Amino acid sequence: MTPHRREDLVRPFVLTGGRARSAPGAPVLDVAAMVTAVPGVPAPPVQPESLALLEQCAGRYLSVVELAAAIGQPLGIARVLIGDLLASGHLKAATPDNGADRIAILERMLHGLQAL
Amino acid sequence: MASRLSDGVYVRDSVQIAVKLLVVGPFGVGKTTLIGAVSEIEPLRTEQLLTRAGEIVDDLRGLPGKNTTTVALDFGRITLGEDIVLYLFGTPGQPRFIQIWRDVARGAYGALVLVDTRSLDTSFEALGLVETLGLPYVVAVNAFPDTPGYSAAELREALDLAAATPLITCRAQDRESAKNALIELVRHLHDAYREHQ
Ligand SMILES: Nc1nc2c(ncn2[C@@H]2O[C@H](COP(=O)(O)OP(=O)(O)OP(=O)(O)O)[C@@H](O)[C@H]2O)c(=O)[nH]1
Ligand SMILES: [Mg+2]
């Protein structure tokens with residue numbers, strides 16, 4: 001877990017144009033936000049990393065953090081790319097469980113863990 | 001192609017709810033080992049960029065590489081039902097990583113604090129951080145072969161634990177033991193959230 005110096009920031013910089021958030025003031029995507037590719041949207045992205053993101057979550061939901069690991073980019077960079085794809089409609093996010101009942105979810109988690 | 005629970009790689013199509021739990025503790029305490037013991041995927045690793053001052057990098061302009069560090073964030077996943085997936089994040093316990101903690105802990109249900117009784121002072125830092133974030137937690141002593149045999153009372157005293165905070169032991173390498181630690185945590189969270197209703 002020792003942090004090391006990072007001298008290779010040029011590539012991520014190129015990928016996101018220097019941003020690691022989609023727009024100033026835009027909500028930061030949760031690391032566990034679940035996103036999926038929307039098929040048939042015109043004008044697919046040209047960046048290989050963005051195409052890789054779409055490929056990874058075609059036909060299924062995958063979390064932001066898993067996508068970052070899958071394409072081998074730092075979390076902040078992956079978030080920007082995912083944010084752009086959400087904005088362009090190539091990705092959509094699962095409806096967050098804002099109103100969900102934590103107690104009920106914990107009960108279901110408990111049963112799920114016990115059944116493992 | 002539909003994703004299947006059994007393929008262990010993708011999340012089921014029907015999963016829409018992702019719950020986050022943190023596994024926190026000092027360097028080398030066994031966070032990644034515990035996550036790997038229960039995760040349905042090999043623990044994955046992602047990097048977070050931080051400035052030397054500990055801020056999450058959100059604009060790379062004007063930041064020469066030498067001003068930036070990366071911190072590895074390990075995580076695993078357990079599908080717990082048709083529509084619920086649990087993410088376990090192994091976060092380093094050092095206070096200078098507080099911004100990463102805040103980011104990952106947003107919306108998290110709680111934390112399993114792994115302590116190493118061979119170095120209680122570093123475990124203390126992790127406890128302090130979880131308290132700062134306001135996350136409910138369970139403390140688990142990861143038992144290494146050379147772990148000194150303190151009594152539960154001695155450990156509670158040394159770690160200054162509140163009476164309501166569960167203290168358990170676990171073996172991070174053992175799937176059943178790691179699973180039971182998570183069950184204890186979820187039970188405690190259930191009680192904690194019910195009290196606050
Ligand atoms: N004997 C024994 N060794 C363990 C146990 N848990 C972890 N280890 C070993 O301790 C070392 C550190 O474990 P990790 O799981 O990498 O610890 P960590 O907390 O993720 O460490 P960092 O990410 O570097 O902070 C590894 O060599 C593990 O194999 C355990 O329960 N018993
Ligand atoms: Mg680790």
Side-chain angles (χ1 to χ4, degrees), chain A residues 1-10 12-13 16-21 28 30-34 36 56-70 72-80 94-98 100-103 105-116, chain B residues 1-3 10-13 15-20 27-28 38 41 44-50 56-61 63-66 68-73 75 77-81 84-87 89 92 94 103-104 106-109 175 179 182-183 186-187 189-190 193-194 197:
Chain A
M1 195 61 62
T2 318
H4 53 271
R5 278 164 175 247
R6 190 179 179 98
E7 313 286 359
D8 57 339
L9 279 174
V10 174
F13 176 86
T16 65
R19 298 163 304 138
R21 281 182 198 168
V28 178
D30 194 284
V31 290
M34 308 291 282
T36 189
Q56 285 293 330
C57 55
R60 54 186 63 99
Y61 281 89
L62 214 50
S63 63
V64 166
V65 72
E66 274 189 82
L67 282 169
Q73 290 294 331
L75 189 53
I77 305 304
R79 268 179 170 156
V80 175
T95 326
D97 66 322
N98 286 337
D101 177 356
R102 286 202 161 201
I103 305 278
I105 288 177
L106 282 163
E107 275 162 15
R108 293 178 55 205
M109 284 170 66
L110 185 59
H111 295 142
L113 284 168
Q114 285 166 335
L116 281 185
Chain B
M1 186 190 70
S3 51
Y10 297 111
V11 177
R12 279 190 197 190
D13 296 347
V15 166
Q16 302 264 327
I17 301 172
V19 174
K20 290 186 282 187
F27 176 74
V38 289
I41 51 171
L44 292 173
R45 167 164 291 202
T46 184
E47 290 185 334
Q48 183 64 282
L49 302 180
L50 285 185
I56 288 179
V57 174
D58 62 359
D59 189 338
L60 299 175
R61 270 172 293 212
L63 276 178
K66 64 175 188 275
T68 315
T69 58
T70 65
V71 180
L73 195 60
F75 64 96
R77 185 222 300 151
I78 312 174
T79 301
L80 289 180
I84 298 182
V85 70
L86 168 62
Y87 282 99
F89 287 92
Q94 290 91 326
D103 182 40
V104 175
R106 199 159 29 97
Y109 276 41
R175 179 177 157 86
K179 187 183 102 180
L182 291 180
I183 288 174
V186 170
R187 282 213 176 99
L189 297 178
H190 186 265
Y193 285 114
R194 203 171 39 190
Q197 261 189 348

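Since this is a predicted model, take the numbers as computed values, not measurements. Note on naming: letters A, B, ... go to the chains in the order of the sequence lines (proteins, then strands), and numbering restarts at 1 for each one.
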Atom CZ in A:Arg102, atom NE2 in B:His190: separation rounded to 0.5 Å?
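The distance works out to 13.0 Å.
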Using 0.5 Å steps for rounding, measure from the CD1 atom of B:Ile84 to the NE2 atom of A:His111.
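B:Ile84 CD1 to A:His111 NE2: 11.5 Å, rounded to 0.5 Å.
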Mind checking what makes side chain to side chain contact (heavy atoms under 4.5 Å, CB included) contact with A:Ala70, not counting sequence neighbours?
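In terms of side chain to side chain contact (heavy atoms under 4.5 Å, CB included), with neighbours along the sequence ignored, A:Ala70 is linked to A:Gln56.
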Who passes side chain to side chain contact (heavy atoms under 4.5 Å, CB included) against A:Ala69, sequence neighbours left out?
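In terms of side chain to side chain contact (heavy atoms under 4.5 Å, CB included), with neighbours along the sequence ignored, A:Ala69 is linked to B:Leu44, B:Phe75.
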Kindly indicate whether the side chain of [X], heavy atoms from C-beta on, has any atom under 4.5 Å from the side chain of [Y].
X	Y	result
B:Leu80	A:Arg108	no
B:Val85	A:Met34	yes
A:Leu116	B:Ile78	yes

Could you pull out the closest heavy-atom pair between A:Ile103 and B:Arg194, with the gap in Å?
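Looking at all heavy atoms of both residues, the closest pair is CD1-N, 3.3 Å.
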Taking all non-hydrogen atoms of both residues, which atom of A:Ala68 and which atom of B:Thr46 are closest, and how far apart?
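Answer, listing the atom of A:Ala68 first, then B:Thr46: CB-OG1, 3.6 Å.
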Taking A:Asp30, A:Val65, A:Leu110, A:Leu75 one by one, which has the highest count of heavy-atom pairs under 4.5 Å against chain B?
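Looking at each option in turn, the highest pair count goes to A:Val65.
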Show your working on side-chain contact (heavy atoms from CB on, under 4.5 Å) between B:Leu189 and A:Met109 and close with a plain yes or no.
CA-CA 11 Å; B:Leu189 297 178; A:Met109 284 170 66; 6.0 Å; no
From CA spacing to verdict: side-chain contact (heavy atoms from CB on, under 4.5 Å), A:Leu62, B:Arg77:
CA-CA 11 Å; A:Leu62 214 50; B:Arg77 185 222 300 151; 4.2 Å; yes
Give the intermediate values and the outcome of side-chain contact (heavy atoms from CB on, under 4.5 Å) for residues A:Ile105 and B:Val19.
CA-CA 9 Å; A:Ile105 288 177; B:Val19 174; 3.7 Å; yes
Is a side-chain donor or acceptor of B:Lys20 paired with a backbone partner of A:Ala32 at a separation under 3.5 angstrom?
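Answer holds: no.
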Side chain, backbone, both or neither of B:Leu182 within contact of chain A (heavy atoms, under 4.5 Å):
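Both backbone and side chain.
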